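This report concerns only the one structure given below.
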Amino acid sequence: MKINPNAGKPAQPEMLVNVPRLVTAYYTRIPDPNLPAERVVFGTSGHRGSALDGSFNEWHILAITQAICQYRKQHDINGPLFLGVDTHALSEPAYASALEVLAANDVEVMLAANDEYTPTPAVSHAILTYNEGRTHGLADGIVITPSHNPPESGGFKYNPPHGGPAGVEVTSWIESSSNTFLERNLADVKRMSFEKSLRADTTHRHDFLNSYVADLQNVVDTKALSDSKIHMGVDPLGGAGVHYWNAIAERYKLNMTVVNNQIDPTFRFMTLDWDGKIRMDPSSPYAMRGMLNMKDRFDIAFACDTDHDRHGIVTRSSGLLPADHYLSVAVHYLFQSRHEWTSNTAVGKTVVSSQMIDRVTAALDRKLYEVPVGFKWFVEGLGNRSLGFCGEESAGASFLRINGKTWTTDKDGIVAALLSGEILARMERDPGEIYSGFEREYGRSEFQRIDAPATPEQKKTLSRLSPDQIRHTEIAGEAIHTILTCAPGNNASIGGIKVIADNGWFAARPSGTEDIYKIYAESFLGKDHLHRIVTEAQTIVEEAFTGTRKGDPE
């Protein structure tokens, strides 16, 4: 992965998105459903794209929202729909378009009080809170966000009544129906004016902020945070939770400093990510350079991405913790401090997350539940409370309430961030110091992810690999003992392959949105061993593309 020379440096004016041009493109560019890049495509987190290249425009949102209305009708979902919006420039126009369709379809819509921006976890929390104890008239939600992606991006995702990301069966239906609407030039899409939809009898207001903040004491030990007086720093990165943090600090009397309250759709206050782009990724040391420069001002600091479903933890001892490091510490702490959780409550992780989580989980004598990439695979387990903590290597996590009941079924960067303060307050060591102890006890993990070009046909080949197509018996000098194409936890396809030896592994899977494939690799035998794993993994993938093994006679 080649690092851009401007990575970690402030964004320059010429790099900023032209917001008027972006919004104009949203309303004026008509997507061509005959072009794959301009069709509705639901990846792991909804439909994403940019108005500038025809992949996220008004027609997309009108079509998707009408499809959601029809899905609701077919499945007798007739409770309120909670609508959340983040701070990306395309989110406001998409919000207006969606409301016009929802109101025309007589959907009871819950908008944020005072037009407040709404984090993803606050929407999940609202859905679950409303649905508790109900069997009919269930609520669901839409979150308008492209997550941490660049300022020119737009995103739109659907959360059914279970409160978490919609599963493949649901998103496939919505995707197909949406594209049919596009092909028919929106002929069957119902719509009314935005002003009329705001005044509709079906449009209501909900106080997402105070409802969510008031309940935080039931998932995080806010008293321990308050009593300890530890100084916490937080950067909302200009995201949807920007007004939540001061409300949290005030309600629970926390010693917390919000270092940046700016909301700017160009995100000009960010430092550039690894590739020279503006990206609000709290797990990136380049995007988090500003926060890292302030780390010694605070006992612990953290940030969240634009819709606040991901977290980044900055410690005095270690700087920005890699996501897997913090997930390991969170598992270690939660399963020893949450005494009301049942003894059979398991740990959830994705197949591309660190095996350090496996080792910590085994030491706790807990069951590990390993699933494909995508938080949707954790929804059922968080909902039925069989999973106590769920995390993924891209810095998304959620966990149960202190009493063992469900908190959210979507990622929650806010509680994950606050938990780091609770850990420091209760353990008197920051998460970086605790992880250093893991390295002494379980070994040092070296982890790397790389992206490589792949044609659409190659991506299909990779997603359909079977174990018997891997003719190698060793990886980096160690015997391969397991080859996975389905996740051990739920037997769902991982859309690629994972190859495992005693002290290292790699996984390869195609990107759902770009012409690349991704290799994730980890070694417990050092950087040189990791490099060998990555090199040999690339060879194995290339052999799969060509159907031949290097060294075979032609």
Side-chain angles (χ1 to χ4, degrees), residues 1-2 43-45 168 274-275 283 322-324 349-358 370-375 377 392-394 396 445-525 527-552:
M1 187 168 69
K2 186 176 180 181
T44 55
S45 294
V168 175
W274 66 271
D275 56 357
S283 66
D324 278 332
K349 60 164 274 194
T350 58
V351 293
V352 298
S353 298
S354 172
Q355 279 194 351
M356 184 65 83
I357 299 171
D358 305 41
E370 193 170 359
V371 300
V373 173
F375 210 78
W377 301 107
E392 51 187 10
E393 60 81 33
S394 56
S445 161
E446 299 289 349
F447 185 91
Q448 185 178 10
R449 192 193 106 178
I450 64 169
D451 298 342
T455 66
E457 192 57 41
Q458 288 174 329
K459 288 167 61 178
K460 288 181 182 178
T461 298
L462 180 55
S463 68
R464 297 169 181 167
L465 274 183
S466 62
D468 57 15
Q469 289 177 270
I470 306 300
R471 291 183 284 168
H472 293 249
T473 58
E474 292 187 347
I475 183 74
E478 287 196 301
I480 294 170
H481 63 70
T482 306
I483 300 176
L484 300 175
T485 55
C486 293
N490 59 359
N491 203 37
S493 171
I494 62 177
I497 199 155
K498 183 174 182 179
V499 176
I500 309 170
D502 283 343
N503 292 290
W505 60 271
F506 80 85
R509 54 183 293 273
S511 168
T513 55
E514 301 174 87
D515 286 334
I516 60 173
Y517 72 89
K518 304 176 183 182
I519 288 179
Y520 308 77
E522 183 176 32
S523 169
F524 282 83
L525 295 179
K527 291 183 178 179
D528 290 343
H529 187 246
L530 175 67
H531 178 72
R532 288 183 62 190
I533 292 175
V534 170
T535 301
E536 293 180 27
Q538 289 178 295
T539 298
I540 290 172
V541 172
E542 293 299 323
E543 289 174 355
F545 289 162
T546 61
T548 60
R549 181 172 176 176
K550 286 187 178 181
D552 285 352

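What you see is a predicted model, and the numbers here were worked out from it, not measured in a lab.
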Exercise for the section: Find out whether Gln538 and Ile519 are in side-chain contact, i.e. whether some heavy atom of one side chain is under 4.5 Å from a heavy atom of the other. Expected result: yes
Handout entry: Within residues 489-507 or reaching into it, pairs that qualify as salt bridge (charged side-chain N to carboxylate O under 4.0 Å, His left out) - sequence neighbours excluded
Key = Glu370-Lys498
Exercise for the section: State, without any angle test, whether His531 and Gln448 hold a side-chain donor-acceptor pair at a distance under 3.5 Å. Expected result: no
Practice task
Please examine the side chains of Ile480 and Thr473, heavy atoms only from C-beta on, and report whether any two atoms are closer than 4.5 Å.
Solution key: no
Problem - Gap between atom NZ of Lys2 and atom CD1 of Ile450 - 0.5 Å precision - result: 15.5 Å
Exercise for the section: Consider only side-chain N and O atoms of Thr539 and Glu542, and report whether a donor and an acceptor are under 3.5 Å apart. Expected result: no
Practice task
Considering non-hydrogen atoms only, spot the tightest contact between Ala487 and Val351 and give its length.
Solution key: CB-CG1, 4.0 Å
Practice task
With the side chain counted from C-beta on, respond yes when Phe506 and Ile540 share a heavy-atom pair under 4.5 Å apart, and no when they do not.
Solution key: yes
Practice task
Give a yes or no answer on whether the side chain of Glu522 reaches the backbone of Gln355 with a donor-acceptor pair at less than 3.5 Å.
Solution key: yes
Practice task
Could you please spell out the steps behind the side chain to side chain contact (heavy atoms under 4.5 Å, CB included) verdict for Leu525 and Glu478?
Solution key: CA-CA 11 Å; Leu525 295 179; Glu478 287 196 301; 4.2 Å; yes
Exercise for the section: State, yes or no, whether a side-chain contact exists between Ile497 and Leu484 at a heavy-atom distance under 4.5 Å. Expected result: no
Handout entry: Side-chain heavy atoms of Ile500 within contact of Ile483, under 4.5 Å
Key = no
Handout entry: 4.5 Å side-chain heavy-atom contact, Asp451 and Arg449
Key = yes
Exercise for the section: For Ser463 and Lys460, work out which heavy atoms get closest and say how close. Expected result: OG-O, 2.8 Å
Exercise for the section: Using the side-chain hydrogen bond (donor to acceptor under 3.5 Å, both in side chains) rule, pick out the option among Gln469, Arg471, His472 that qualifies with Glu543. Expected result: His472
Problem - All pairs passing side-chain hydrogen bond (donor to acceptor under 3.5 Å, both in side chains) where residues 487-496 contributes a residue, at least two apart - result: none
Handout entry: Exercise: do Glu446 and Ser523 side chains pair donor with acceptor under 3.5 Å
Key = no
Problem - Ring-ring centroid check Phe524 Phe447, cutoff 6.0 Å - result: no
Practice task
Output yes when a side-chain donor or acceptor of Trp505 lies under 3.5 Å from a complementary backbone atom of Ala501, and no otherwise.
Solution key: no
Problem - Ion pair check, Lys349 and Asp324, cut-off under 4.0 Å - result: no
Practice task
Quick one: closest heavy-atom pair of Tyr517 and Ala454, and the distance?
Solution key: CD2-CB, 3.8 Å
Fill in the blank from the handout: Scanning both residues in full, the closest heavy-atom pair of Thr461 with Ala544 reads CG2-O, 3.6 Å
Exercise for the section: State, to 0.1 Å, how close Ser466 and Thr485 come at their nearest heavy-atom pair, and which atoms those are. Expected result: CA-CG2, 4.1 Å
Practice task
Check whether any side-chain heavy atom of Phe545 lies under 4.5 Å from a side-chain heavy atom of Leu462, and answer yes or no.
Solution key: yes
Practice task
Let me see the working for Phe375 and Glu392 under side chain to side chain contact (heavy atoms under 4.5 Å, CB included), right down to the final yes or no.
Solution key: CA-CA 8 Å; Phe375 210 78; Glu392 51 187 10; 4.1 Å; yes
